[in-house]
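Everything below concerns the one structure shown next.
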Amino acid sequence: MTLIGYDRVSLHNGFWQDIRAKNAGISLKNIYRRFAETGRFAALRCEKQEKPSHIFYDSDVAKWLEAAAYLQREFPDKEVGAVIDDTVRTIVKNQLPCGYFNSYYQVYKPDRIFMERMEHELYCAGHLIEAAVALDECGVNAELLPAMRKYADYIYERFYVRRDTGFTTCGHPEIELALVRLYEHTGEEKYLTLAKFFLDERGVRAEEIYPWMDREYDQSHKPVRQQREAVGHSVRALYLYIAMADVGRLTQDEALIDTCRALFSDIVRSKLYITGGAGSGWYGERFTVPYDLPNAEAYAETCASIALAFFCDRLAKAGNSAQYHAAIERALYNNILAGESADGKAFYYVNPLEADRQYAQYANTVPGIPFKPLLERVEVFDCSCCPPNLVRLFARVGGFAYGEEDGVLFVNQYISSDVSACGIDLSLKTELPYAGNVTISANGKGRLALRIPVWQMSLTCRVNGEYVRPEEKDDYLYFDVNGKAQIEVNFEMRPRFVYANERVRADSGRKAVEYGPFVLCAEQVDNGGELYGIEIPSLEHAVTERTQQGICVRVPARRLRSGDALYSYLPPEKESFTLTLIPYFMWANRGKNDMQVWFL
């Protein structure tokens with residue numbers, strides 16, 4: 001399938017356009033302010049500081065530049081434009097004559113360039129390349145692209161031609177997918193050759209790694225085509241898998257594509273949170289073993305879900321399946337959205353599915369406890385990969401909506417927007433994710449395919465006011481368009497239970513509640529504390545209410561009460577009350593709270 005790029009999709013006012021506008025007016029500027037205050041932009045001047053800059057400050061700025069490029073197309077801002085131009089000039093000015101640019105190594109370790117595998121050199125280069133491509137394709141700034149092409153040429157010369165570097169593959173994948181983007185943008189074959197080289201060389205020999213980590217941590221434990229299980233650092237893994245899917249598609253390497261499908265299956269069958277969070281283990285930010293999905297200590301890094309969405313996007317390009325778009329939808333409306341606060345100023349790096357305020361307060365006062373729960377989002381982290389990553393994804397969210405294959409226009413995500421493809425001018429309006437109605441105005445001659453969401457309870461279709469039963473195949477509804485047509489589809493949306501596999505020990509015997517694409521949660525501010533002892537017998541009398549923030553679901557529930565004894569020979573009493581549930585992504589916007597996703 002050819003996915004229709006964000007640049008061909010015009011969003012209407014609605015859920016996603018509101019988020020993009022907020023990102024353009026608030027998030028992007030606030031991230032810049034915090035990055036400037038913490039020295040990230042100053043580091044690009046390549047001047048020695050009393051306190052050395054971090055090894056991956058360049059990547060934080062690069063992701064900000066990329067996000068700014070996408071948003072400038074639709075939300076032009078002179079202040080942002082001036083920052084972009086100044087930042088690009090600073091990079092170009094301080095780039096070495098050979099093409100190399102890394103603010104940390106040029107200043108603090110010039111004699112160790114391309115000698116330290118785990119220190120993110122090529123990772124930073126990859127994000128700078130992605131930023132350069134975005135700035136150029138959006139018509140925002142054309143100066144960074146030739147500079148980053150020169151850098152990519154230098155990487156090609158050192159790693160592929162001369163092979164005189166201290167390592168062969170980077171400890172943090174990213175350069176591979178960036179080189180593919182550069183190849184697709186410029187048509188220069190050697191960038192694809194280099195991306196394939198980095199993939200082919202990973203795991204074929206023992207290379208430097210952190211002494212406290214195993215080789216699964218950075219996916220160098222075996223050659224990539226032999227990797228059938230998702231292991232190690234989840235962001236590293238998924239960035240690698242994105243590149244594998246890209247290179248497999250572009251070189252018609254079926255072994256790589258087959259490997260990617262196996263890795264996707266491993267993740268969604270036994271290693272993915274109900275929220276679309278990936279990477280459950282806080283030690284090493286990693287995939288662990290099948291069904292190990294703890295709630296309170298869930299890592300589920302925001303960047304890992306973003307990478308999962310892009311991985312599914314690439315898999316769809318290599319061979320479409322509705323399951324890839326369903327996984328994107330789950331991640332988008334839950335784990336990814338939860339990464340940004342309602343006001344657009346603060347962010348989550350980690351996304352737990354359970355929070356205990358009392359324990360979190362205790363854990364944050366004890367130096368020896370390595371994992372410290374965070375009950376409120378913050379504006380900047382020491383490792384701040386997630387904030388600009390979120391904004392760059394939201395800025396081009398329209399690119400997830402549509403695809404074209406064999407003359408058929410596919411609707412993969414329901415986002416209020418316009419697009420023209422496959423002989424059809426299409427305008428889609430919807431109240432999703434809060435209500436399941438979709439209205440499509442189509443004009444032209446062609447064929448449409450609308451994805452059937454996994455969460456819908458039933459559906460009805462009308463074409464030009466007449467009820468119809470469209471052709472259904474592989475989780476898509478098919479419609480023929482000849483002239484003007486109005487297609488109305490209503491996906492019934494009501495609260496429903498979701499049960500975990502009994503092998504998920506944290507959730508065995510429990511259930512969660514979904515409403516449409518949303519996973520719901522309970523917060524202390526609405527329900528009082530002790531949320532872990534709540535039983536929901538039925539959803540028969542659940543009431544869904546539209547609120548200023550979106551929706552809430554009120555459902556009859558019971559709270560277990562055991563008295564003061566730590567242990568008792570008597571079963572707990574059950575106190576009836578009305579439980580208020582809200583979308584998971586909205587939690588932690590009203591102060592420090594207990595929070596729960598799974599219930600008795």
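- In this structure, OG in Ser59 is found 15.0 Å from CH2 in Trp64, a value given to the nearest 0.5 Å.
- For the side-chain contact (heavy atoms from CB on, under 4.5 Å) with Leu145, the qualifying choice from Leu135, Leu182, Val88 is Leu182, the only one to do so.
- Separation of atoms OH (Tyr123) and CG (Leu128) is listed at 11.0 Å; rounding is to 0.5 Å.
- Residues Phe400 and Val397 have side chains in contact (heavy-atom distance under 4.5 Å, counting atoms from C-beta outward).
- Proximity of a side-chain donor or acceptor of Ser416 to a complementary backbone N or O of Gly14 within less than 3.5 Å is not detected.
- Using a cut-off of 4.0 Å between Lys/Arg side-chain N and Asp/Glu carboxylate O, Lys22 and Asp343 are scored as not salt-bridged.
- Between the Gln95 side chain and the Ala147 main chain, a donor and an acceptor come within less than 3.5 Å of each other.
- Under the 6.0 Å distance and 45° angle rule, Arg377 does not count as a cation-pi partner of Phe347.
- Taking the six-membered ring where the residue is Trp, His172 and His233 present perpendicular rings, their angle passing 60° and hence far from 30°.
- For the pair Ser234 (side chain) and Glu285 (backbone), a donor-acceptor distance under 3.5 Å is present.
- Listed for the Ser341 side chain is a donor-acceptor partner under 3.5 Å among the backbone atoms of Ala346.
- Between the side chain of Glu405 and the backbone N or O of Asn320 there is no donor-acceptor pair closer than 3.5 Å.
- Side-chain N or O atoms of Tyr333 include none that pairs as donor or acceptor with a backbone N or O of Pro433 at under 3.5 Å.
- Separating the CG atom in Asn94 from the CZ atom in Arg45 is a distance of 9.5 Å, to the nearest 0.5 Å.
- The side-chain tip of Arg163 points at the ring of Tyr160 from less than 6.0 angstrom away and within 45° of straight on.
- A centroid separation of 6.0 Å or more is found between the aromatic rings of Tyr239 and Phe310.
- Under the 4.0 Å criterion applied to side-chain N and carboxylate O atoms, Arg396 and Asp7 are not assigned as salt-bridge partners.
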Practice item. Please assess Ser417 against Tyr402 for the test side-chain hydrogen bond (donor to acceptor under 3.5 Å, both in side chains), listing each intermediate value before the final yes or no. Key: CA-CA 10 Å; Ser417 56; Tyr402 303 102; 2.7 Å; yes
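- Ile129 places none of its side-chain heavy atoms less than 4.5 Å from the side chain of Tyr191.
- Note on Glu379 versus Arg33: salt bridge recorded, some NZ/NE/NH1/NH2 to OD/OE distance being below 4.0 Å.
- Between the side chains of Gln17 and Glu74, at least one donor-acceptor pair of N or O atoms lies under 3.5 Å.
- Salt-bridge annotation for Arg8 and Glu404: present, with a side-chain N of the basic residue lying under 4.0 Å from a carboxylate O of the acidic one.
- Using a 3.5 Å distance cut-off with no hydrogens or angles, the side chains of His120 and Asn102 do not pair a donor with an acceptor.
- Closest approach of Ser427 and Asp418 over heavy atoms only: OG-OD1, 2.7 Å.
- The shortest distance between side-chain heavy atoms of Ile242 and Phe311 falls below 4.5 Å.
- Separation of atoms CG (Leu179) and CD (Glu174) is listed at 9.0 Å; rounding is to 0.5 Å.
- Remark: aromatic rings of Phe114 and Phe159 are close, center separation under 6.0 Å.
- Side-chain contact check for Asn351 versus Tyr299: every heavy-atom pair is 4.5 Å or farther apart.
- Once rounded to the nearest 0.5 Å, the distance linking OH of Tyr151 with CG of Leu96 reads 9.0 Å.
- Residues Arg451 and Asp475 are not paired through a salt bridge, judged by the lack of any N-O separation under 4.0 Å between the basic side chain and the carboxylate.
- In summary, Asp218 and Arg236 do not engage in a salt bridge, as defined by a charged side-chain N under 4.0 Å from a carboxylate O.
- Contact of the Phe410 side chain with the Ile4 side chain is not registered, since no non-hydrogen atoms from C-beta on lie closer than 4.5 Å.
- The nearest pair of heavy atoms linking Cys385 to Tyr349 is SG-CE1, 3.6 Å.
- Defined by atom type and a distance below 3.5 Å, a donor-acceptor pair is present between the side-chain atoms of Tyr476 and Asn412.
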Practice item. Apply salt bridge (charged side-chain N to carboxylate O under 4.0 Å, His left out) to Arg225 and Asp258, showing your working. Key: CA-CA 9 Å; Arg225 291 168 185 78; Asp258 182 64; over 6 Å; no
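- Look at Glu340 and Lys345 and you find no salt bridge, because none of the NZ, NE, NH1 or NH2 atoms lies under 4.0 Å from a carboxylate O.
- The distance from atom CD of Glu188 to atom OG1 of Thr193, rounded to the nearest 0.5 Å, is 9.0 Å.
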Point to revise | salt bridge (charged side-chain N to carboxylate O under 4.0 Å, His left out) assessment of Arg447 paired with Asp406 | key: CA-CA 10 Å; Arg447 195 159 166 79; Asp406 298 330; over 6 Å; no
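- Between the side chain of Arg202 and the main chain of Ser220, no donor-acceptor pair closer than 3.5 Å is present.
- Contact between Cys138 and Tyr70 at its shortest, heavy atoms only, is SG-CD2, 3.7 Å.
- Shown here for Asn334 and Arg330, the closest heavy-atom pair between the two residues is ND2-O, 3.0 Å.
- In this structure, Lys109 pairs ionically with Glu116, as a charged nitrogen and a carboxylate oxygen lie closer than 4.0 Å.
- With respect to Thr169, the side chain to side chain donor-acceptor pair (under 3.5 Å) criterion is satisfied by exactly one of Glu201, Arg205, Gln219, Arg117: Arg117.
- Defined by atom type and a distance below 3.5 Å, a donor-acceptor pair is present between the side-chain atoms of His185 and Asp136.
- Looking at every heavy atom in both residues, Val92 comes nearest to Glu143 through CG2-O, 4.0 Å.
- By the 4.0 Å N-to-carboxylate-O rule, Glu184 lies too far from Arg181 to be salt-bridged with it.
- Counted by atom type alone, Asn335 and Ser305 present one or more donor-acceptor pairs between their side chains at under 3.5 Å.
- With contacts defined as side-chain heavy-atom distances shorter than 4.5 Å, the pair Asp85/Arg89 qualifies.
- Side-chain polar atoms of Thr302 and Asn389 form no donor-acceptor pair below 3.5 angstrom.
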Review point. What do the steps show when you test Ile55 against Glu121 for side chain to side chain contact (heavy atoms under 4.5 Å, CB included), and what is the final call?
Key: CA-CA 8 Å; Ile55 56 172; Glu121 264 178 294; over 6 Å; no
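- Residues Leu192 and Val247 have side chains in contact (heavy-atom distance under 4.5 Å, counting atoms from C-beta outward).
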Check your understanding: Are Arg34 and Glu37 close enough, and set up right, to give a salt bridge (charged side-chain N to carboxylate O under 4.0 Å, His left out), and what steps lead you there?
Key -> CA-CA 5 Å; Arg34 296 299 286 127; Glu37 291 172 356; 2.4 Å; yes
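- Lys317 NZ: more than 12 foreign heavy atoms inside a 6.0 Å radius.
- Using a 4.5 Å cut-off on side-chain heavy atoms (C-beta onward), Leu71 and Val80 make no contact.
- Put simply, the side chain of Glu66 never gets that close to the backbone of Arg392: no donor and acceptor are under 3.5 Å apart.
- For the residue pair Val83 and Phe41, the shortest heavy atom distance occurs at CG1-CE2, 4.2 Å.
- A salt bridge does not link Glu176 with Lys196: every distance from a Lys NZ or Arg NE/NH1/NH2 to an Asp or Glu carboxylate oxygen is 4.0 Å or more.
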